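To start, the structure itself, in structure tokens.
As the structure is a prediction and not an experimental result, all values here were calculated from the model.
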Amino acid sequence: MNDYIPNTSAEEEDRMVEAAYKRVLDAYLSSNHRKKVEIIDKAYRFAKEAHKGVRRRSGEPYILHPIAVAQIVISELGLGSTSICAALLHDVVEDTEYTRDDIAANFGETVADIVEGLTKISGGIFGDRASLQAENFRKLLLSMSTDIRVVLIKMADRLHNMRTLGSMRPEKQYKIAGETLYVYAPLAHRLGLNKIKLELEDLAFRYEHPQKYAEIVSKLEKSETHRQQIVEEFVAPVRKKLDEAGFKYEIKARVKSAYSIFNKMENKKIPFEEIYDIYAVRVIFENEDDALEKLRCWQIYTFFTDGHMVHPDRLRDWTSTPKSNGYRALHLTAMGPEGRWIEVQIRSRKMDDIAELGYAAHWKYKTGEQQEEDSKLDSWMNTIKDILAHPEPNAIDFLDTVKLNLLSSSIYVFTPKGDLMTLPSGATVLDLAFTIHSELGMHCIAGKINHRLVPLNYELESGDQVEIITSNTQTPQPEWMEYCHTAKAQNRLRSIIRKDKRHLCDRGKILYLEFLEKENLKPTQSLLDRILAHYTLEKPEDLYLMLANDEINLNPHEIRDINKSHVSLLGKLLRNPFGQKRKNSRPDEKGTPQPIDRKKVYVLHPDAEHPNYLLDTCCNPIPGDDVLGFVDEDEKVVVHKVSCPKAMRLKSTYGPRLVATRWEGKASLFTARITIDGIDRHGILEEIAAKVSKDLDINIRGLNIEADQEVFHCELTVQIDTTDTIATICRALKSINGVKSARRSL
């Protein structure tokens, strides 16, 4: 996705750069911002001179990158001159000899503050070394809480990097794509940047699963004409009613993104052809009177209900209660031609801008009537400050807290007095208690919803009216951590529990050292690692606490006989994220150490007598799966599926350990499960077994079938060599009369 052609002359390059900058200016001049062209031109000339002679990995002049970021800032985020200047200058302080003071002297304190914020988070948690620390992501959040334009420009920077990812090495592509899916796309969603979120997801999907991406895009392209016919037939009667009512409007046909389709196919284990909500229609109407906005949405709703059957459970009124990112619209799902359900989104032009730009639209509609949006933004910033008040020292835990509190969807509940409270989806009674006040949380014993008593860990739903029940004798308990989903509740609980844990940990450590001394064992790190792995514990403190509480009794013979088996990569990294790297080596067939070049694709040999990799049990990959490799502390390559949740976390925090991989060779050593559903009849079990074992010559390791009235469900365990064999088995099973679906199970 890079238009630069190598070996371009200096004159042609300069014309290309000036043309790119002119497109930025043209977009700015056609916007409704005050025209401050002089300061933007000054920033461009300043950045061009600062980056003179520097090139990107693709070979293009470096200045094209900040120009492209500025283009996204004006064209796709709708921000003004301050943000455009900051985008043009965002790499100057980091990559050149110019300082923040130079930026302030030439462009003012606001631009300098934004550039400084962007410089501090350069690379973010995603730099080669910085990815080992949560500190860099905290800097992003701190900068965001000062001026949200910092993270908006950072989002534009990431989007351009994703658009030009093709020039990177394979392992870098996996790393950056994984980070984008793990943090940036959810953050874009939470900021309300819907268009950018969808593009980030699709670009990441393209590099993580190139073959599946190409297949889905091809099928979408082939069905495009038919889709347009269906949508036009669906909206024709509505167009007529809109015209008769005098609406100024546009109707857009929207297609589900390739990544969303892939997710649905994976989660529901269904083929592309069985996804029926690919279609969507968006009606955007012009509206000059905010007081009539909601009424007009419902008027258009009646135009659809008059001519179509409406799904009773799919009405979503985001006009009355906007989403936490400011999104407002009226959603319904109606029956279209060929019996297909089509989602309809009804929005005013202002609603549409906010839906696409989220908090970036904050500046476009900054008026006296914007108090509601201001309060939502302030509330979100307060959540960030809660997270930063007591940050997690571990990078993965910190990221999980961020995803849980900032990037998740929201629910809305009411206090007995009728006050509306916004909480992350999955929040409990205990979360609400801590959200209202720390003292209320510490003494909470239960909740009451609609006069019904519920426990502390009861998950709240939107619309609940909740009363918190307290007792002066109640004190926080360690198990409460499992009940909390908000940063405030988790941080307050941790600070209380840590005080009690500290003296128990000290006592447990003394018991541990006394045991080792008695058994004449040296207190080495490797012994401690093996003991932790044996008891499936993550940290030494967990062991010390269990010893102090008499939950573990160390047996001398057991400790001496502990196998030196492979400790899971995630466990090792959590316990020693900053561990010293050993020499990158692996033995060859003769046992001679050979270096692992992490910059090249690592070839996996499942057919070797001793395979040159380890399989993690979290996702059970097999040859043919899209996989990644992580180099563990013993310099062994541990293989995960690209989409494995554990791999997603590791990619986002331990990128330098990543290695791109490909399979070579086959081996009949892999066990896979296939789920079969269909209409029950006499003899179908025998046919399934015969089809797999006799016709396909596949070794069956397990077969379990259950029937409920006329429907059966079967779990088949087979031994196979690659994913192609699984596809062959599924096709053969579907040919059996009565079998409706056959798919690989996780």
Side-chain angles (χ1 to χ4, degrees), residues 209 211-212 215 262 264-274 565-566 568 604-628 638-647 661-746:
H209 301 278
Q211 187 175 352
K212 293 185 177 72
E215 288 173 2
F262 167 73
K264 195 151 197 175
M265 289 168 64
E266 288 290 297
N267 294 335
K268 297 204 169 185
K269 302 298 177 187
I270 56 176
F272 177 90
E273 290 71 24
E274 291 182 22
S565 58
H566 169 67
S568 77
L604 306 171
H605 295 285
D607 53 348
E609 183 179 353
H610 300 290
N612 60 338
Y613 58 87
L614 297 165
L615 296 177
D616 213 320
T617 56
C618 53
C619 54
N620 297 315
I622 62 176
D625 283 329
D626 292 331
V627 293
L628 297 167
V638 184
V639 177
H640 291 264
K641 288 182 186 177
V642 168
S643 54
C644 167
K646 187 189 288 187
T661 57
R662 67 177 172 83
W663 299 101
E664 190 171 285
K666 299 180 180 180
S668 300
L669 298 172
F670 299 94
T671 299
R673 284 193 324 194
I674 295 173
T675 299
I676 311 163
D677 292 292
I679 307 302
D680 191 28
R681 61 177 173 79
H682 182 70
I684 198 163
L685 176 60
E686 288 79 6
E687 284 191 45
I688 290 172
K691 179 69 73 175
V692 175
S693 183
K694 186 177 178 182
D695 296 357
L696 299 177
D697 195 25
I698 300 293
N699 186 18
I700 296 177
R701 302 300 298 272
L703 182 60
N704 181 41
I705 190 166
E706 294 181 358
D708 183 6
Q709 296 183 27
E710 304 301 320
V711 177
F712 79 87
H713 175 81
C714 177
E715 292 289 339
L716 174 68
T717 306
V718 291
Q719 200 168 42
I720 48 85
D721 50 6
T722 70
T723 53
D724 290 340
T725 304
I726 293 179
T728 300
I729 296 171
C730 289
R731 280 195 299 271
L733 289 170
K734 288 178 184 176
S735 69
I736 298 173
N737 180 31
V739 172
K740 298 301 181 184
S741 70
R743 60 192 183 276
R744 179 182 172 187
S745 307
L746 291 177

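Within the model, atoms CG of Leu716 and CG of Leu733 stand 6.5 Å from one another, a figure rounded to the nearest 0.5 Å. The CD1 atom of Ile726 sits 10.5 Å away from atom CZ of Phe670, with the distance rounded to the nearest 0.5 Å. Note that CG of Asn737 and CD1 of Ile679 are 10.0 Å apart. Values are rounded to the nearest 0.5 Å. Atom NZ of Lys734 is separated from atom OG of Ser741 by 7.5 Å, given to the nearest 0.5 angstrom. For the atom pair Leu685 CG and Cys714 SG, the distance stands at 7.0 Å (nearest 0.5 Å). Interatomic distance, Ile676 CD1 to Ile688 CD1, rounded to the nearest 0.5 Å: 4.5 Å.
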Handout entry: Stepwise side chain to side chain contact (heavy atoms under 4.5 Å, CB included) test for Ile622 and Thr723
Key = CA-CA 7 Å; Ile622 62 176; Thr723 53; 3.7 Å; yes
Practice task
Evaluate the side chain to side chain contact (heavy atoms under 4.5 Å, CB included) criterion for residues Thr671 and Val718: first the C-alpha distance (whole Å), next the side-chain angles of each, then the deciding distance (0.1 Å), finally the verdict.
Solution key: CA-CA 6 Å; Thr671 299; Val718 291; over 6 Å; no
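For the pair Ile736/Lys691, a side-chain contact is recorded, criterion being any heavy-atom separation below 4.5 Å from C-beta on. Residues Leu604 and Arg662 have side chains not in contact (no heavy-atom distance under 4.5 Å, counting atoms from C-beta outward). Two residues are said to be in side-chain contact when any heavy atoms from C-beta on lie closer than 4.5 Å; Ser745 and Glu715 meet this criterion. Annotation: side chain of Val692 is in contact with side chain of Ile729 (closest heavy-atom distance under 4.5 Å). Looking at Asp680 and Glu710, their side chains never come closer than 4.5 Å, going by heavy atoms from C-beta outward. Using a 4.5 Å heavy-atom threshold, the side chains of Val627 and Trp663 count as touching.
Listed by chain and number, the residues in a side-chain contact (heavy atoms from CB on, under 4.5 Å) with His605 are Val603, Asp607, Ala608, Asn612, Glu664 (sequence neighbours excluded). For the salt bridge (Lys or Arg N to Asp or Glu O under 4.0 Å) test, no residue two or more places apart in sequence or in another chain qualifies with Asp724.
Heavy atoms only, all atoms of each residue included: Pro606 and Pro623 are closest at CG-CG, 4.0 Å. Of all the heavy atoms in Gly738 and Phe712, the pair that sits closest is O-CE2, 4.2 Å. Smallest separation of non-hydrogen atoms from Lys212 and Asp626: NZ-OD2, 3.5 Å.
Ion pair Asp625/Arg744 flagged as a salt bridge, since at least one NZ, NE, NH1 or NH2 atom sits closer than 4.0 Å to an Asp/Glu carboxylate oxygen. Taking a cutoff of 4.0 Å between a charged side-chain nitrogen and a carboxylate oxygen, Arg681 and Glu687 qualify as a salt bridge.
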In a table with atom names and distances, give each donor-acceptor pair under 3.5 Å that connects a side chain of residues 696-706 to protein atoms at least two apart or in another chain.
residue	atom	partner	partner atom	Å
Asn699	ND2	Gln719	OE1	3.3

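With Ser693 contributing its side chain and Ala690 its backbone, the two residues share no donor-acceptor pair below 3.5 Å.
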